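Note that this is a predicted model, so its numbers are computed, not measured. In the text below, chain A, chain B and the rest are named by the order of the sequence lines, each starting its count at 1.
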Amino acid sequence: MKLKEVVLLAERLKGISSINEKVSLLSSFLKRVDKEEGKVVVALLIGENPYGKVGLGYQSLKNLLVLKESNESVEVSEIDKILKELKKIKGSDSLYRKLNILYYLFRKLDDKEREYLVNFLIGEIKIGANKGIIKKAIAKTFQISEDILDEIILKKGDFLQVIEGIFKEGKNYIEKTDFEIFQPFSPMLANIIYSLDELPKEKLACEYKIDGIRIFLHKKDKEVKIFSRHLKDITNNLFEIAEYFSEINGDFVLDGEVVLLDKENKILPFQDMMKIISRKERERFENIRPFFFDILYKNGEKLFGIPNKERWQILSKTIPNNLLIERIETDDKDKIKRFYEESIKRGNEGIMIKKLDSPYFIGSRKKYWLKLKNFYPLDLVILEAEWGHGRRKGWLSNFLLGCLNRERNGFLPLGKTFKGLSDKEFTEITKILLTKKIEDKEWGIIVRPEIVVEVFFSEIEKSPFYESGYALRFARINRIRYDKNPYEIATIDEIIRIFEEERKKKGEIDIFY
DNA sequence: CTTGGCTGCCC
DNA sequence: ATTCTGC
DNA sequence: GCAGAATGGGCAGCCAAG
């Protein structure tokens, strides 16, 4: 199979909107793909390097795009080899050596192939045929039911590994595949809600939502491995937890969240925690603290399918109780409200709300888990706006927000947001902002600070980048305040006040014993 | 040896 | 991580 | 109801350049 054929297919897929049509085109294409090439062809289509990220982004690769066009044909198996090679290159001059390999490859390609490969390497393939569509096509090609395929992918946790297995072994692969301990799987995720009125009317589990790092802890005999939300092995970053658990009875897989505590057992702010935890080498930290809320495997038995309530009971009997997340089970909305308020008071992000009878759905965001998070409103002004890309082409779609400075005669930046506006509002705000333009830039425009927007955000962080010294976390625009002028917006003193109050709240936390 | 750009990965 | 949109 | 696209702040680590 030639690379050119894959690129051509991708181009055709881009132009098709019907899912069925995409699937049948893909399916007839995949039938022509050799057993050994299956993995790399699918990898090219979904834009995921089977050997992992190679440390090259657009800035490093852009020069390869301007080479003189050629038209030799390159086999996908050659691409496969090169991807493997790139992954191995490390150390001094590595950038040069990587680009050198790519240079010899790119010399043989035409412009379309080059553009495609660059997008592939930086993880920006967008042809409207991602894993979901490929899954349907594979199911059709190999006559496997979609549900079974789903199950296998979730159990193995690695999409391309499953694709390779199916190409090489067909239906036999399906029969012998099952969940194994130490093999990470994607986390179950939650949908956001904004008010308790959105709750289903039934008895529910509510848990504190702590602002830390999601972890999966696998243990068998004395061996422990810890994985992150994106399946990275972070055992070394959390060695204290691994050591602690290796002495606990039983084999199991746990789902939880980890934070650091200061000397008074208060949770450190997210930024401070990241500074310590993400270091490769660091001193032992006594107050590293995991909280667990789920168990998916115990002593040889998989627990994905049993109800949440039962998993919680098993979890309670498996680990020391002070490592369980704070949790209540109730159908009383007032109780939930008080639980939420208490969680916020203690400096947490909010609460998780879970259906008691729901299984653990690996890797999917369904309605069985909900999250309710705290946020603040502020009126701010737009200082700059950036042109959007892709489906946002032609709109100003990313806005630098500012607050008033102390003397009330200027504005200070607090970070950007691209969230909250509908397509219609983007059209509208683009028109308005263009009338306020001071200066054209390659990336967008600088505007007179006159458009006031109401912004919701979850937290204020210290910023080493923005002039104000602060930045908003998870900012989104709630509405355009046509009624307000820029001298009525939030001041930097207000920002600092909220920041300090938040930190004080963190000081109030004491759920440890 | 220091600085700064880029990447990957936390949220 | 959040948000909106198209299917 | 879900997947996909567009894009946020900030950290450490790695490498290139000065």
Side-chain angles (χ1 to χ4, degrees), chain A residues 17-20 22 46-47 52-62 89-99 121-133 135-136 189-192 194 209-215 228-232 234 237 257-259 269-282 349 361 363-368 371 373 375 386-393 395 397-401 413-426 455-466 470-478:
Chain A
S17 60
S18 148
I19 290 176
N20 288 340
K22 280 185 201 184
I46 63 171
K53 302 279 175 75
V54 294
L56 294 170
Y58 183 73
Q59 295 306 327
S60 314
L61 293 169
K62 60 185 176 196
I89 300 178
K90 290 209 165 69
S92 185
D93 274 344
S94 61
L95 178 59
Y96 171 79
R97 282 180 285 144
K98 284 180 201 166
L99 288 176
L121 287 167
I122 65 176
E124 292 282 324
I125 293 293
K126 277 156 199 166
I127 57 173
N130 218 311
K131 289 182 188 172
I133 304 275
K135 235 166 28 189
K136 281 184 200 285
L189 302 167
N191 268 321
I192 200 157
Y194 298 101
K209 187 174 191 313
I210 290 183
D211 191 13
I213 298 173
R214 183 89 177 260
I215 54 167
S228 71
R229 184 196 148 114
H230 295 292
L231 316 188
K232 194 174 129 81
I234 51 170
N237 298 83
E257 188 91 1
V258 62
V259 293
F270 183 76
Q271 265 178 315
D272 300 342
M273 172 194 65
M274 288 298 284
K275 269 184 218 177
I276 297 170
I277 282 192
S278 43
R279 278 208 281 272
K280 229 176 168 183
E281 305 272 342
R282 61 175 172 82
E349 285 191 293
F361 288 95
S364 57
R365 199 184 292 280
K366 295 191 194 280
K367 55 190 170 168
Y368 307 102
K371 57 183 164 187
K373 295 184 43 163
F375 66 86
E386 290 175 25
W387 294 112
H389 299 92
R391 73 179 304 283
R392 297 214 183 157
K393 209 175 156 84
W395 293 330
S397 88
N398 195 2
F399 313 104
L400 181 69
L401 304 167
L414 286 169
K416 295 189 273 193
T417 183
F418 57 93
K419 289 186 285 235
L421 298 183
S422 63
D423 288 4
K424 211 177 132 208
E425 288 170 309
F426 277 124
V455 174
F456 290 165
F457 62 94
S458 70
E459 196 185 23
I460 293 170
E461 300 179 294
K462 279 265 187 207
S463 171
F465 180 74
Y466 289 108
Y470 296 89
L472 306 179
R473 191 168 175 207
F474 306 140
R476 63 190 145 107
I477 294 177
N478 184 49

Is a salt bridge present between A:Lys416 and A:Glu386, judged by a nitrogen-to-oxygen distance below 4.0 Å?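 Yes, charged N to carboxylate O under 4.0 Å.
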Which part of the nucleic acid, if any, lies within contact of [X], taking any heavy atom under 4.0 Å across all strands shown: a base, the sugar-phosphate backbone alone, or nothing?
X: A:Lys373; answer: sugar-phosphate
X: A:Phe426; answer: nothing
X: A:Ser18; answer: nothing
X: A:Val258; answer: nothing
X: A:Ile277; answer: nothing
X: A:Ser364; answer: nothing
X: A:Ser458; answer: nothing
X: A:Lys22; answer: nothing
X: A:Ile477; answer: nothing

Looking only at the side chain of A:Arg473 (C-beta and beyond, no hydrogens), which of the listed nucleotides D:dG8, B:dC11, C:dT2 gets closest?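 Among the listed nucleotides, the one closest to the side chain of A:Arg473 is B:dC11.
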Contact under 4.0 Å: [X] side-chain N or O vs [N] OP1/OP2:
X: A:Tyr194; N: C:dT3; answer: yes
X: A:Ser422; N: C:dC4; answer: no
X: A:Lys416; N: D:dG8; answer: yes
X: A:Asn398; N: D:dG8; answer: yes

Whichever of A:Asp423 and A:His230 has the more 5' nearest nucleotide on DNA chain C, that residue is A:His230
Considering heavy-atom distances to DNA chain C, does A:Ser17 or A:Lys371 have its closest nucleotide positioned more toward the 5' end? A:Lys371
Starting at the 5' end of DNA chain D and moving along, which residue's nearest nucleotide shows up first, A:Gly415 or A:Arg392? A:Arg392
Quick one: on DNA chain D, does A:Trp387 or A:Tyr368 contact a more 5' nucleotide (nearest heavy atom)?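 Closest to the 5' end, via its nearest nucleotide, is A:Tyr368.
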Tell me: CZ of A:Arg391 to P of C:dC7, nearest whole Å?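 It is 10 Å, rounded to the nearest whole Å.
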Rounded to the Å, how far apart are A:Lys424 NZ and C:dT5 P? 11 Å
Pair assignment for DNA chain D - dot-bracket with | for other-strand partners, Watson-Crick or G-U under 3.5 Å: ||||||||||||||||||
For each nucleotide in nucleotides 10-16 of chain D, reading 5' to 3', give B when a protein heavy atom comes within less than 4.0 Å of its base, S when such contact involves only the sugar-phosphate, and - otherwise. SSSSSSS
Going by salt bridge (Lys or Arg N to Asp or Glu O under 4.0 Å), name the residues that satisfy it together with A:Lys22, two or more places apart in sequence or in a different chain.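 Not a single residue meets the salt bridge (Lys or Arg N to Asp or Glu O under 4.0 Å) criterion with A:Lys22.
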